[in-house]
Trainee: 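There's a structure below that I have some questions on.
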Amino acid sequence: MEHYSMNLTLKVWRQKNKDSKGDFETYKVENISSEMSFLEMMDVLNDRLIREGKEPIAFDHDCREGICGTCSMYINGRPHGPWHANTTCQLHMRAYKDGDTIVVEPWRAKAFPVVKDLIVDRSAFDRIIQAGGYISVNTGNAVDANSLPIEKEKADESFAAAACIGCGACVAACKNSSAMLFVSAKVSHLALLPQGAPERKTRVLNMIAQMDKEGFGACTNTQACESVCPKEISMTNIAKLNSEYIISGLTSR
Amino acid sequence: MALTGVSLIAFLVVHVGINACIWAGDGGDMFNKASHFMGSTVVIRILEVGLFAGIILHIVQGLVLEVQNRSRRQTAYAVSLGNRGSKWYRRSMGLLGTLLLLFLVMHLSHFWVPSRFSTLETITIDGKEYPNQYADIIRVFHDPLVVVLYLLGCASLLYHLLHGFQSAFRTLGVGNNRYLALIKITGFWFSIIVSIGFAMMPISVYLEWIS
């Protein structure tokens, strides 16, 4: 694709801290290369703001390879911007053309309070994982990988669920701010494997209890989560989570 | 929500089946017998109580769900995801449900109240007296405004079911890879067939396809 430069108008949510009332601020950015990533464009703007003695825009980022789930940003009404199965850091400026206006907002959910500007507190996800999204293993030598046979289909399905990077786009896109896609990916991932079996029932009950406690909404299967997920986590995981929850609720002690 | 939804879906099958009796071509005899059976049998009267309880529970659950879910996002987005993420009717179940409730109030006052409180005329079929429910539907569906309102009710039902059918099964945990395609196809055709089945009743009467 041919390289080009563009001038853009950005409307970015600025908020000093979690208690202050934020608002949009408009910035003009010039000479943006189509080969830059979206975050590099933000870097260019921040560099300018710093040189002008202004407060740079705070945003989350880490690996910039689309695998860590740190970057967020609700860009023109869609988590992670316009591209399908993509993270903000992997969004490139060739998605835009000269003269475009881009509105950048933080994830909006009661369970994800804004910390500053575009950064939200996603520790609710950590607490859900701490409630049961793990397996307990004894320490010692790693066992031989082939000692525990797993069907290929199950391994694939489990891996597809394990691809969740916990970015929170599902919550951001959901009209109910529900975290069901995230929780379902974590529960499916472990429920499909023999390693997850011993804690299977308590895991799902505890994780759902924590999810409700954190203030996420209830799932109404609108399917918005699936459409924006950068890792294409399927909503079939949500049905699986529901069946795991119902069966565990009925049969656990 | 899902459990009450599925039981209401089951009721729709019975309702649309009984409605279909108007096309028996016997001047409404089969329909009158069927509606008399529904109104006079003890077991059905008990089920009717369950049906009303189901509807009320479904409404209460829906209201609680809607209010709780709306409170989970305190600041709205400046630009919303809208139809890029999900179909409009999947996000509008509260609105569609409210329209259906308004429709139900009208519908019950048209047919359920007169039949339950025995204000219908009677007709003699095979030497036995039946309330003439058939004559009542012919009378009610003579008004074009009523027909239009019923068609709007059927349209609300169509979209409510298009989402509700598969959503209920997903919530009950039946939406895994094995059954998802089955649920989607069944839900789609069920919604279409049931809604058209209901809509054909006022249309048939108004256009005098049946007499």
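Only this structure's heavy atoms are used, side chains among them; waters, hydrogens and symmetry mates stay out. Chain letters run A, B, ... following the sequence lines, proteins first and then strands; every chain starts at 1.
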Trainee: State, to 0.1 Å, how close Tyr96(A) and Leu8(A) come at their nearest heavy-atom pair, and which atoms those are.
Mentor: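 Closest heavy-atom pair between Tyr96(A) and Leu8(A): CB-CD2, 4.4 Å.
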Trainee: Heavy-atom cut-off 4.5 Å, strictly under: side chain, backbone, both or neither for Val171(A) against chain B?
Mentor: backbone
Trainee: So which of Leu180(B), Val174(B), Thr171(B), Leu172(B) has the largest heavy-atom pair count under 4.5 angstrom toward chain A?
Mentor: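 Option with the greatest count: Thr171(B).
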Trainee: Taking only residues at least two apart or on different chains, which pairs with a member in residues 180-208 of chain B satisfy salt bridge (charged side-chain N to carboxylate O under 4.0 Å, His left out)?
Mentor: none
Trainee: Tell me the closest heavy-atom pair linking Ile128(A) and Met211(A), and the distance in Å.
Mentor: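 Result for this residue pair: CD1-CA, 3.8 Å.
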Trainee: Of all the heavy-atom pairs spanning His92(A) and Trp83(A), show the shortest one and how long it is.
Mentor: N-CZ3, 3.3 Å
Trainee: If you round to the nearest 0.5 Å, how far is CZ of Phe31(B) from CD1 of Ile22(B)?
Mentor: 7.0 Å
Trainee: Counting distance only, does the side-chain N/O of Asn86(A) pair as donor-acceptor with the main-chain N or O of Pro230(A) below 3.5 Å?
Mentor: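 No, the answer is negative, given that no donor and acceptor are paired below the 3.5 Å cut-off.
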Trainee: Spell out the residues in residues 179-192 of chain A that have some non-hydrogen atom less than 4.5 Å away from a non-hydrogen atom of chain B, in order of number; otherwise answer 'none'.
Mentor: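 Hits under 4.5 Å: none found.
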Trainee: Relative to chain B, which of Thr220(A), Asn237(A), Asn221(A), Asn242(A) shows the most heavy atom pairs under 4.5 Å?
Mentor: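 Between Thr220(A), Asn237(A), Asn221(A), Asn242(A), the count favours Asn221(A).
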Trainee: Is any NZ, NE, NH1 or NH2 atom of the basic residue among Glu48(B) and Arg45(B) found under 4.0 Å from an Asp or Glu carboxylate oxygen of the other?
Mentor: yes
Trainee: Mind checking whether His36(B) and Tyr130(B) have parallel, tilted or perpendicular rings, split at 30° and 60°?
Mentor: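 Geometry flag for Tyr130(B) against His36(B): perpendicular rings.
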Trainee: Please identify, among Arg108(A), Lys110(A), Gln223(A), the residue contributing the most non-hydrogen atom pairs under 4.5 Å to chain B.
Mentor: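 Greatest number of close heavy-atom pairs with chain B: Arg108(A).
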Trainee: Please determine, among Thr236(A), Thr222(A), Val103(A), the option with the most heavy-atom pairs under 4.5 Å with chain B.
Mentor: Thr222(A)
Trainee: Shorter than 4.5 Å, heavy atoms on both sides: which option in Gly82(B), Ala76(B), Ala78(B), Ser71(B) has the most such pairs with chain A?
Mentor: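 Most pairs with chain A among the choices: Ala78(B).
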Trainee: Taking heavy atoms only and a threshold strictly under 4.5 Å, list by residue number the residues of residues 10-27 of chain A that touch chain B; give 'none' if the list is empty.
Mentor: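 Within residues 10-27 of chain A, near chain B: Phe24(A).
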Trainee: State, with a plain yes or no, whether a side-chain heavy atom of Met235(A) is found less than 4.5 Å away from one of Arg170(B).
Mentor: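 In short, these two side chains touch, coming nearer than 4.5 Å.
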Trainee: Going by ring pair (Phe, Tyr, Trp, His ring centres under 6.0 Å), name the pairs with one or both residues in residues 213-253 of chain A, residues two or more places apart or in two chains.
Mentor: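 Residue pairs passing ring pair (Phe, Tyr, Trp, His ring centres under 6.0 Å), neighbours aside: Phe112(A)-Phe216(A), Phe125(A)-Phe216(A).
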Trainee: Considering all heavy atoms of both residues, which atom of Asp143(B) and which atom of Tyr206(B) are nearest to each other, and what is their separation?
Mentor: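 Heavy atoms of Asp143(B) and Tyr206(B) come nearest at C-CE1, 4.5 Å.
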Trainee: Do you know which of Ala218(A), Cys219(A), Ser178(A), Ala109(A) has the most heavy-atom pairs with chain B at a distance under 4.5 angstrom?
Mentor: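 Top option by heavy-atom pairs under 4.5 Å: Ala218(A).
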Trainee: Go through the atoms of Glu244(A) and report whether side chain, backbone, both or neither lie under 4.5 Å from a heavy atom of chain B.
Mentor: neither
Trainee: Between Gln166(B), His163(B), Gln68(B), which residue shows the highest count of heavy-atom pairs closer than 4.5 Å to chain A?
Mentor: His163(B)
Trainee: For Tyr150(B) and Pro202(B), which heavy atoms make the closest approach, and how far apart are they?
Mentor: CB-CG, 4.0 Å
Trainee: Taking all non-hydrogen atoms of both residues, which atom of Met93(A) and which atom of Ile32(A) are closest, and how far apart?
Mentor: CG-CG2, 3.8 Å
Trainee: Of the backbone (N, CA, C, O) and the side chain (C-beta and beyond), which part of Cys225(A) lies under 4.5 Å from a heavy atom of chain B, both, or neither?
Mentor: neither
Trainee: Which atoms of Ser80(B) are under 4.5 Å from chain A, going by heavy atoms: the side chain, the backbone, both sets, or neither?
Mentor: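 Looking at Ser80(B), just its backbone touches chain A.
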Trainee: Name the member of Ala224(A), Ser243(A), Ser234(A) that forms the most heavy-atom pairs with chain B at distances under 4.5 Å.
Mentor: Ala224(A)
Trainee: What's the spacing between Ile193(B) CD1 and Trp189(B) CH2 if we round to 0.5 Å?
Mentor: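 Here the interatomic distance stands at 7.0 Å.
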Trainee: Any side-chain heavy atom of His160(B) sitting closer than 4.5 Å to one from Tyr89(B)?
Mentor: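 Sidechains of Tyr89(B) and His160(B): no contact.
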